[in-house]
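Below, each value reflects all heavy atoms present in this structure, side chains not excepted, and no hydrogens, waters or symmetry copies.
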Amino acid sequence: MFGRNSFYAIGVIAILFLGGLSLRQDREQPEKSLHANVTTNVEESNERVDFLFDYDEALAKARRENKPVMVFFMADNCRYSRQMLAHAFVDPDVERFSKSFVCLEIDVNEPSNDRICDAFGVVATPTVQFVTSYGVPLQRVTKLQSGADLLGQMQIALTSIAWRTAQEPDEGTILR
């Protein structure tokens, strides 16, 4: 009745659910926080969200590492994009969880990124688009996100990947 992929998806969902519970417990009980030894000062932190800046390179890396891609569409002249870079992407939970993704930053004002922005229909910044390692769009967020909100979206993306893998392992990409 259940195939191997179904059990894999259920296992991933359970891990994400339990991981979400432990993060919630850490916030409710600061004295038991997993982040007690992690500094929140960006200059002193050893963990950072490592962004790539080339779409094709990011997809190739995602396929090699079997990870989804988190695409951050931003603009230097957008204060909300700058706020996400300064606050949401330096949140210790987001930094740690970002290791489950290949992270890609796309400046919408760069003419070389027009094809990517057009393909994903990006008309506002900041936009975070999650895609499979083959470029298949998952969910997207088109507004300023706090670290906690972004972390929740990242967890949803991984759950969505597990579900898609269980249903249909390979799908076509949006860009060819």
### Message
Does Leu144 form a side chain to side chain contact (heavy atoms under 4.5 Å, CB included) with Met84? I'd like the steps, not just the answer.
### Response
CA-CA 7 Å; Leu144 177 65; Met84 279 191 70; 3.4 Å; yes
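Across every non-hydrogen atom of Gly147 and Val94, the tightest pair is O-CG2, 3.2 Å. Taking every heavy atom of both residues into account, Phe101 and Leu158 meet most closely at CZ-CG, 3.8 Å.
Ile156 CD1 to Leu138 CG: the interatomic distance, rounded to the nearest 0.5 Å, is 11.5 Å. Note that CD of Glu95 is 9.5 Å distant from CG of Asp50, once rounded to the nearest 0.5 Å. Taken from CZ in Arg96 to CE in Met154, the straight-line distance is 10.5 Å, to the nearest 0.5 Å. In this structure, the separation between CG on Asp93 and CG on Leu150 is 11.0 Å, given to the nearest 0.5 Å.
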Can you give me every donor-acceptor pair (side chain of residues 57-64, partner residue at least two apart or in another chain, under 3.5 Å) with its distance?
{"from": "Arg63", "atom 1": "NH1", "to": "Leu59", "atom 2": "O", "distance (Å)": "2.9"}

Anything under 3.5 Å between a donor and an acceptor, one on a side chain of residues 67-81, the other on a protein residue two or more places apart or in another chain? List them.
{"from": "Lys67", "atom 1": "NZ", "to": "Glu65", "atom 2": "OE1", "distance (Å)": "3.3"}
{"from": "Lys67", "atom 1": "NZ", "to": "Lys99", "atom 2": "O", "distance (Å)": "2.8"}
{"from": "Asn77", "atom 1": "OD1", "to": "Asn109", "atom 2": "ND2", "distance (Å)": "3.2"}
{"from": "Ser81", "atom 1": "OG", "to": "Ala75", "atom 2": "N", "distance (Å)": "3.4"}

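Follow the hydrophobic side-chain contacts under 4.5 Å out from Val123 and you never reach Phe130; the two are in separate clusters.
Here the side chain of Asn113 pairs no donor or acceptor atom with the backbone of Ile116 at under 3.5 angstrom.
Within the 4.5 Å cutoff, the side chain of Phe120 has no heavy atoms near those of the Ile106 side chain.
Not counting sequence neighbours, the partners of Phe51 by the ring-ring contact (aromatic ring centres under 6.0 Å, His included) test are Phe89.
Among Val128, Thr127, Val131, the single residue meeting the side-chain contact (heavy atoms from CB on, under 4.5 Å) criterion with Arg140 is Thr127.
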